[in-house]
There are 2 protein chains.
Amino acid sequence: MSLPHALLGLLAAAPATGYELAREFESDLGRYAWQAGHASIYPELAKLAARDLVRVVDQGPRGSKTYDITEQGRAELRSWLLHRSGDGVVRNEGVLRMFLIPTLDPDDQRSVLTAIAEETAAAEAELRERLKGGTDPRCSPRAELGLLAGRFGLGQYRATHEWATRALEELDARVADSRRPN
Amino acid sequence: MSLPHALLGLLAAAPATGYELAREFESDLGRYAWQAGHASIYPELAKLAARDLVRVVDQGPRGSKTYDITEQGRAELRSWLLHRSGDGVVRNEGVLRMFLIPTLDPDDQRSVLTAIAEETAAAEAELRERLKGGTDPRCSPRAELGLLAGRFGLGQYRATHEWATRALEELDARVADSRRPN
DNA sequence: CTCTGACATGTCAACCCTGACATGTGGAGC
DNA sequence: GCTCCACATGTCAGGGTTGACATGTCAGAG
């Protein structure tokens with residue numbers, strides 16, 4: 001249950017409508033930190049507003065409401081960020097897959113590991129390109145969030161790629177080993 | 001909703017009771033792949049049994065039931081592992097915190113980043129020790145799951161540590177920068 | 001002027017997960 | 001023999017999440 005804190009964090013960087021927040025979750029944030037759809041975001045914003053952690057600061061054309069974080073909201077966010085217990089909710093389908101790879105036979109293992117190696121290489125390259133491409137054309141106030149997070153993603157992709165590559169090498173070595181000595 | 005596949009994967013490595021599976025989720029698996037408590041495991045095992053993906057192969061003393069995966073279960077697991085769409089559920093409170101660090105003022109940022117750097121270094125060392133300590137005293141059939149997964153964890157910890165260290169350096173540089181030139 | 005698509009918000013049933021409650025057994029130590 | 005603890009399974013209410021349904025507006029292309 002970290003959705004309220006995710007929203008507080010995004011609003012701490014810049015005011016936004018629920019719609020804009022929902023789109024934020026579709027990019028890097030949702031890719032490796034926390035997912036949320038508009039169906040959970042709108043009700044959560046209402047709840048946060050009721051607790052005075054956020055506030056509607058503007059009402060635009062299409063019934064849009066722009067939210068901003070309040071002082072109390074900032075205090076809540078800060079306390080959540082500082083009192084990290086080290087653990088928390090972890091749920092990652094991709095990592096689970098990696099855990100279970102050894103249950104496959106060698107050919108299938110190779111196929112999955114190869115796919116992972118390729119995907120992480122591509123993802124890393126794509127992300128690196130995106131980060132290099134300046135701090136966004138529109139120089140958003142969330143650029144710094146994106147920069148730090150992006151570099152984190154880069155490191156994760158690289159580590160995963162190296163892991164998969166090494167696993168592939170060992171797999172090949174083991175197969176070669178079991179074929180030869182008879 | 002990958003719990004059924006997590007269970008199929010564990011059972012593919014070796015038959016086990018629900019209780020043993022629940023403990024499996026308390027270690028590395030639950031730490032960085034997928035969490036589950038016995039309250040969701042027991043009902044899920046019943047559902048899997050109803051779909052003939054697992055089967056009760058033994059009933060022990062304290063009303064314990066040992067489950068094993070069936071041929072259909074193996075097929076389902078394999079298809080899930082091979083047809084990776086690249087994405088899936090991602091929910092990680094720790095990573096979310098990292099995303100939101102830039103919303104803090106420099107002093108708080110330093111404190112959080114330092115904590116992360118220390119924790120990841122400690123976690124890496126502890127994990128490395130555990131992996132080195134032989135392939136388990138009891139040479140479990142799940143040892144290989146643990147080895148590959150453990151090395152993955154090692155890489156992630158290291159990458160995160162390096163990321164935090166670099167962020168700290170830049171933070172210091174920026175603070176020094178803004179203090180001097182006036 | 002019409003149509004399309006992005007903008008924008010909302011609800012609801014179904015499903016999943018968590019924490020608390022509930023129950024009972026077998027072995028080891030005193 | 002008793003007591004404690006790990007073993008072992010289960011249910012259930014409350015809360016979070018998802019996907020589908022529902023509605024409506026504004027701007028730009030044709």
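Per chain, numbering begins at 1; letters A, B, ... match sequence-line order. Quick note: numbers below take in every heavy atom, side chains included, and nothing from hydrogens, waters or symmetry partners.
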Using whole Å, report how far CD of B:Glu93 lies from P of D:dT17.
-> 11 Å
A:Glu44 has an atom CD; how far is it from atom C1' of D:dG16, in whole Å?
-> 9 Å
For A:Asp52, all residues meeting salt bridge (charged side-chain N to carboxylate O under 4.0 Å, His left out), sequence neighbours excluded = none
Rounded to the nearest angstrom, tell me the gap between atom CD in B:Gln59 and atom P in C:dG24.
-> 19 Å
Whole-Å gap separating P (D:dC12) and CD1 (B:Ile41) | 19 Å
Can you list the residues that meet the salt bridge (charged side-chain N to carboxylate O under 4.0 Å, His left out) rule with B:Glu118, with sequence neighbours excluded?
-> none
Encode nucleotides 7-15 of chain C as B, S and - characters from 5' to 3', where the letter depends on protein heavy atoms closer than 4.0 Å: B to the base, S only to sugar-phosphate, - to neither.
-> BBBBB----
Just jot down the salt bridge (charged side-chain N to carboxylate O under 4.0 Å, His left out) partners of B:Glu26, sequence neighbours excluded, or say none.
-> none
Separation of D:dG16 atom P from A:Gln35 atom CD, nearest Å, is 18 Å
Taking atom types as modelled, is there a side-chain donor on B:Thr160 or A:Gln156 under 3.5 Å from an acceptor on the other?
-> yes
Using only side-chain N and O atoms of A:Arg91, determine if any of them is under 4.0 Å from OP1 or OP2 of D:dG16.
-> no
Report the residues that fulfil side chain to side chain donor-acceptor pair (under 3.5 Å) with B:Thr120, sequence neighbours left out, ordered by chain and then residue number.
-> B:His161
Mind checking side chain to side chain contact (heavy atoms under 4.5 Å, CB included) for A:Arg91 and listing every partner two or more places apart, or none if nothing turns up?
-> B:Trp34, B:Gln35, B:Val89, B:Arg91
Give the rounded distance in Å between these two atoms: CZ of B:Phe25 and P of C:dC16.
-> 15 Å
